[in-house]
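What follows is a set of notes on a single structure, which appears directly below.
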Amino acid sequence: MPWINTVPNNSTDTKKKLYLFWYDKNSRNTKMRVTPFFNTREGRKEAKKLLLMMQSDIANDNFTAATGIRISDIKLSAALLKFLESRVLTKSGYQSYNQAAIRFIGIVGDLSVKKYDPSHGIKFIKALKEQELSGNTIATYTKHLSIIWKWFVDNNYCKTNIIKTVPIERMPVKIIPESDRKIIFDYFKDNDNLYKTNHYFFVKFTFLTGFRPSTTLTLTPEDFDFNEGFIHYRNVKGKRTSLFPIHNNLKSI
């Protein structure tokens, strides 16, 4: 990431010229170039424009003409790493974004981000349909890619979001018949007795609460308030704490 400063860095002399610094991956060194601007309010304002020009792959030619420095195009694979590094993601979230982008690259190719256009997004969706992926799987891919591309736009890697999201189809909830549930729960109960495990409680508790397994695993004894009749649970995916009532079926286990 390039930045603007004076030389030396701790200089407070307003007559000092501003310098443009950037990390050059090829030489693995930090480089600098003097700008035409001084360390004044107006100078910093003009230098910032130069900085934004450098950050934008779209403006490569303009920046080169102004400074003599040519910035390499950033490919999707490299821009993806910058996107992932910029966000605080769970392991599953990281994998979802990464998998969507890798699949996109596998179908469309690893191009400079600014060279993609809406036709590439259409080609990607068409290819997924030809692979007979479900509509909701395609919707999930396009959702994650659209978020990635919005970040690209916000960070001046491209002008527009080329991904058109596919709406998620709401599927009817299918409930396991009670007779089948009894077979499942009895199986875990018998195995717990045989192998001294606690799978029955985990499966039954998760079923009765509807918690994600990851949420159930984070619970501690302090999260159970039997006086008020609530479980204080942390939604791992949503990063929030909520209340769940301790109903009679839960009390029984």
Side-chain angles (χ1 to χ4, degrees), residues 80-81 83-107 124-125 127-148 165-253:
L80 171 64
L81 293 177
F83 165 80
L84 294 172
E85 290 170 357
S86 72
R87 301 175 74 91
V88 179
L89 299 169
T90 62
K91 182 178 179 181
S92 62
Y94 183 99
Q95 291 173 340
S96 296
Y97 284 112
N98 188 60
Q99 184 179 8
I102 294 302
R103 191 144 199 169
F104 184 88
I105 290 172
I107 292 173
F124 175 69
I125 293 174
L128 294 183
K129 289 181 178 178
E130 290 174 351
Q131 294 171 10
E132 298 184 351
L133 268 66
S134 70
N136 282 354
T137 298
I138 297 174
T140 301
Y141 278 133
T142 59
K143 171 190 171 184
H144 286 98
L145 286 171
S146 181
I147 293 172
I148 292 172
T165 56
V166 175
I168 293 178
E169 181 184 353
R170 299 300 175 185
M171 305 297 290
V173 177
K174 295 182 180 180
I175 301 175
I176 300 174
E178 185 174 355
S179 58
D180 289 345
R181 293 203 304 270
K182 186 176 186 307
I183 293 172
I184 294 170
F185 292 138
D186 287 347
Y187 172 83
F188 282 110
K189 186 180 291 185
D190 292 341
N191 273 269
D192 282 354
N193 292 332
L194 182 62
Y195 298 109
K196 309 301 180 185
T197 55
N198 291 297
H199 295 151
Y200 167 77
F201 174 80
F202 180 84
V203 174
K204 188 69 176 285
F205 178 88
T206 303
F207 170 78
L208 291 174
T209 58
F211 290 170
R212 290 186 178 89
S214 57
T215 298
T216 300
L217 287 170
T218 64
L219 294 174
T220 65
E222 289 73 22
D223 294 323
F224 292 80
D225 187 341
F226 289 98
N227 292 327
E228 296 294 331
F230 287 103
I231 301 170
H232 298 257
Y233 71 96
R234 289 169 295 285
N235 185 306
V236 176
K237 187 173 183 180
K239 296 181 175 62
R240 63 179 182 274
T241 300
S242 304
L243 297 178
F244 188 89
I246 302 176
H247 50 74
N248 289 333
N249 286 338
L250 272 179
K251 287 181 180 179
S252 69
I253 64 166

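For the single chain, residues carry numbers from 1 onward in sequence order. Reckoned from all heavy atoms, side chains included, excluding hydrogens, waters and symmetry mates.
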Legend entry - Heavy-atom pair of closest approach, residues Asp223 and Thr218: OD2-O, 4.0 Å

Legend entry - Residues that Asp190 engages under salt bridge (charged side-chain N to carboxylate O under 4.0 Å, His left out), provided they are two or more places apart: none

Legend entry - Non-neighbouring partners of Glu169 that pass side-chain contact (heavy atoms from CB on, under 4.5 Å), sequence neighbours left out: Asn136, Met171

Inset, instruction - Find the distance between OG1 (Thr209) and OH (Tyr233) and round it off to the nearest 0.5 Å. - result: 9.0 Å

Legend entry - pair Thr137-Leu128: side-chain heavy atoms closer than 4.5 Å: no

When the side chains of residues 244-253 are checked against the rest of the protein, which donor-acceptor pairs come out under 3.5 Å, sequence neighbours left out?
residue: His247; atom: ND1; partner: Asn249; partner atom: N; Å: 3.4
residue: His247; atom: ND1; partner: Leu250; partner atom: N; Å: 3.3
residue: His247; atom: NE2; partner: Leu208; partner atom: O; Å: 3.4
residue: Ser252; atom: OG; partner: Asn249; partner atom: O; Å: 2.5

Legend entry - Residues forming a ring-ring contact (aromatic ring centres under 6.0 Å, His included) with Phe201, sequence neighbours excluded: Phe205

Legend entry - Separation of Phe83 CZ from His144 NE2 (nearest 0.5 Å): 8.5 Å

Inset, instruction - Please confirm whether the backbone N or O of His199 pairs with a side-chain atom of Asp192, one donor and one acceptor, at under 3.5 Å? - result: yes

Inset, instruction - Not counting sequence neighbours, which residues clear side-chain contact (heavy atoms from CB on, under 4.5 Å) with Pro167? List them please. - result: none

Inset, instruction - Take atom CD1 of Ile176 as the centre, draw a 6.0 Å sphere, and report whether it contains more than 12 heavy atoms from other residues, nucleotides or ligands. - result: no

Legend entry - Enclosure of Phe185 CZ (heavy-atom neighbours >12, cutoff 6.0 Å): yes

Legend entry - Test item: Thr206 side-chain N/O and Val203 main-chain N/O as donor-acceptor pair under 3.5 Å: no

Legend entry - Gap separating the OH atom of Tyr97 from the NZ atom of Lys143, nearest 0.5 angstrom: 7.0 Å

Legend entry - Min side-chain heavy-atom separation Tyr94-Arg87 under 4.5 Å: no

Legend entry - Non-neighbouring partners of Glu85 that pass side chain to side chain donor-acceptor pair (under 3.5 Å), sequence neighbours left out: none

Inset, instruction - Give, for atom OG of Ser96 and atom CG of Leu145, the distance between the pair rounded to the nearest 0.5 Å. - result: 11.0 Å

Legend entry - For Glu228, all residues meeting side chain to side chain donor-acceptor pair (under 3.5 Å), sequence neighbours excluded: none

Legend entry - Residues which pass salt bridge (charged side-chain N to carboxylate O under 4.0 Å, His left out) with Asp186, listed by chain and number, not counting sequence neighbours: Lys182

Legend entry - Straight-line distance of Thr215 OG1 to Ile231 CD1, nearest 0.5 Å: 11.5 Å

Inset, instruction - For Gln131, check side chain to side chain donor-acceptor pair (under 3.5 Å) against everything at least two apart and list the hits. - result: Arg103

Legend entry - Gap between atom NE2 of His232 and atom CG of Leu219 - 0.5 Å precision: 11.5 Å

Legend entry - Over 12 non-hydrogen atoms of neighbours within 6.0 angstrom of CD1 in Ile175: no

Inset, instruction - With sequence neighbours excluded, tell me which residues meet side chain to side chain donor-acceptor pair (under 3.5 Å) with Tyr200. - result: Lys204

Inset, instruction - Heavy atoms only: give me the nearest Ala101-Ile148 pair and the separation to one decimal. - result: CB-CD1, 4.2 Å

Inset, instruction - List for me each residue that meets side-chain contact (heavy atoms from CB on, under 4.5 Å) alongside Val166, sequence neighbours excluded, and say none if there are none. - result: Ile125, Ile138, Ala139, Thr142

Inset, instruction - Report the residues that fulfil ring-ring contact (aromatic ring centres under 6.0 Å, His included) with Phe202, sequence neighbours left out, ordered by chain and then residue number. - result: none

